[in-house]
A.B. asks: 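Have a look at this one before I ask anything.
On a predicted model such as this, the values are computed, not experimentally measured, just so you know. One-based numbering, in listed order, for ligands and for the atoms of each.
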Amino acid sequence: MQRINALARRLPTGVVWAAGAMPFVWLVWAAASNQLGPDPVKAIELWLGLWGLQFLIASLCITPLRRVGLNLIRFRRSLGVLAFLYIALHFLAWVVLDMGLRWDEVLRDLWKRPYIMLGMAGLLAMLPLALTSTDRAIRRLGSARWRALHRLAYVAALAGALHFVVLVKGWPTEPLLYAAAVAGLLLLRLHLPRRLTA
Ligand code: HEM
């Protein structure tokens, strides 16, 4: 564990950014070379949503990992911002490519489909986190208020995971596993000693 921590201390955060950009680069390449299957818009939407959820969950794993001695705290912010960027693109893909910017249909879907409402709740919960992710915003808010605000990450992850469960018909395993992971992380968060939950 010590060796991994030492490596993590030396690793520039740019590496996380570069790795985090890979799914997007792959998507652009696959779209440009017509490899997204019969429904490319849907494929784009699903790819971005899934990666957003995975980055969000990865960012929530950092604190419990610290408890078992693995200190990756330097990468938490990058993972959180990457999650926001993928989810924001996921939303844009829906509004622009799927809905064709037809705002009446956007509003109708929002109202009619509970999974869209849950997704929106997740995106809105992430917005203040993204806006306060700079050093300056953190200084201005103070660490206690910043930490309190960042509990919204759990709201976003729960809403996002439920959005996934509700949108898939029946009870398929994948969305349930993501929801279980988020529920487990939330339980851990509630039971971790205060000094470890920064
Ligand atoms: C925290 C926020 C969100 C997360 C974590 C999230 C995640 C996901 C995931 C994992 C999927 C399914 C991917 C797959 O099947 O491989 C999905 C699908 C989808 N999401 Fe989201 N999403 C979020 C927000 C939103 C928002 C704000 C909208 C639009 C308002 C949206 C619209 C959709 C649509 C239309 C689909 C495809 C549904 C279908 O299969 O037809 N999502 N999302």
Side-chain angles (χ1 to χ4, degrees), residues 16 19-31 35-63 76-133 149-186 189:
V16 173
M22 286 307 152
F24 182 70
V25 172
W26 181 88
L27 185 64
V28 173
W29 173 79
Q35 296 199 45
L36 289 178
D39 190 347
V41 168
K42 180 115 163 180
I44 291 172
E45 235 167 53
L46 299 184
W47 182 256
L48 293 168
L50 201 57
W51 276 98
L53 184 58
Q54 284 164 359
F55 281 122
L56 190 54
I57 291 176
S59 73
L60 295 179
C61 287
I62 300 288
T63 299
R76 187 169 58 178
R77 198 185 334 178
S78 323
L79 289 170
V81 176
L82 279 165
F84 174 75
L85 292 174
Y86 275 91
I87 296 300
L89 287 171
H90 173 64
F91 169 70
L92 281 177
W94 178 67
V95 172
V96 180
L97 304 177
D98 204 346
M99 296 281 112
L101 289 173
R102 290 182 300 270
W103 296 105
D104 51 331
E105 272 186 44
V106 166
L107 289 177
R108 208 180 45 223
D109 252 27
L110 248 173
W111 187 243
K112 216 174 57 186
R113 298 184 201 281
Y115 80 83
I116 295 283
M117 235 185 253
L118 280 165
M120 269 322 284
L123 177 65
L124 290 178
M126 290 175 92
L127 200 59
L129 306 182
L131 293 174
T132 56
S133 65
L149 183 71
H150 274 248
R151 289 189 195 127
L152 279 176
Y154 289 90
V155 176
L158 269 180
L162 286 178
H163 158 81
F164 193 8
V165 170
V166 173
L167 75 86
V168 183
K169 301 219 168 32
W171 293 98
T173 322
E174 196 189 359
L176 290 175
L177 285 177
Y178 282 102
V182 173
L185 285 163
L186 182 62
R189 171 68 174 79

A.B. asks: Please confirm whether the backbone N or O of L176 pairs with a side-chain atom of W171, one donor and one acceptor, at under 3.5 Å?
C.D. replies: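 Such a contact is absent between W171 side chain and L176 backbone.
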A.B. asks: Identify, for atom 18 (C) of ligand 1, the protein heavy atom at the shortest distance, and state residue, atom and that distance.
C.D. replies: L167 CD2, 3.3 Å
A.B. asks: Can you find a pair of side-chain heavy atoms, one from M126 and one from L152, that are under 4.5 Å apart?
C.D. replies: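 Not touching, per the 4.5 Å side-chain cut-off.
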A.B. asks: Give the contacting part of Y115 toward ligand 1: side chain, backbone, both or neither, where contact means a heavy-atom distance below 4.0 Å.
C.D. replies: side chain
A.B. asks: Give, for atom CZ of F55 and atom CG of L60, the distance between the pair rounded to the nearest 0.5 Å.
C.D. replies: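 These two atoms lie 13.5 Å from each other.
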A.B. asks: Of all the non-hydrogen atoms in the protein, which one sits nearest to atom 9 (C) of ligand 1, and at what distance?
C.D. replies: G49 C, 3.8 Å
A.B. asks: On a heavy-atom basis, I'd like to know which of W94, W47, F84, F164 is closest to atom 35 (C) of ligand 1.
C.D. replies: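 Comparing heavy atoms across W94, W47, F84, F164, the nearest one to atom 35 (C) of ligand 1 lies in W94.
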A.B. asks: Could an N or O of ligand 1 be found under 3.5 Å from any N or O of H90, whether backbone or side chain?
C.D. replies: yes
A.B. asks: Taking atom CZ of F24 and atom CD1 of I44, what is their separation to the nearest 0.5 Å?
C.D. replies: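 So the gap between those two atoms works out to 9.5 Å.
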A.B. asks: For atom 4 (C) of ligand 1, find the nearest protein heavy atom and state the residue, atom name and distance (0.1 Å precision).
C.D. replies: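 It is I87 CD1, 3.4 Å.
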A.B. asks: Return the option from A83, A43, G119 holding the heavy atom at the smallest distance from atom 27 (C) of ligand 1.
C.D. replies: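 Answer by nearest heavy atom: G119.
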A.B. asks: Return yes when atom OH of Y154 has more than 12 non-hydrogen atoms of other residues, nucleotides or ligands closer than 6.0 Å, and no otherwise.
C.D. replies: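 Count over threshold, so yes.
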A.B. asks: Would K42 count as being in polar contact with ligand 1, using the rule that some N or O on each side must be under 3.5 angstrom apart?
C.D. replies: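 By distance alone, the answer is yes.
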A.B. asks: Looking only at protein heavy atoms, identify the closest one to atom 36 (C) of ligand 1 and say how far it is in Å.
C.D. replies: E45 OE1, 3.9 Å
A.B. asks: Does ligand 1 have a heavy atom under 4.0 Å from the side chain of H163, from its backbone, from both, or from neither?
C.D. replies: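 The answer is the side chain of H163.
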A.B. asks: Determine whether a donor-acceptor pair (N or O, by modelled atom type, separation under 3.5 Å) exists between the side chain of Y86 and the backbone of Q54.
C.D. replies: no
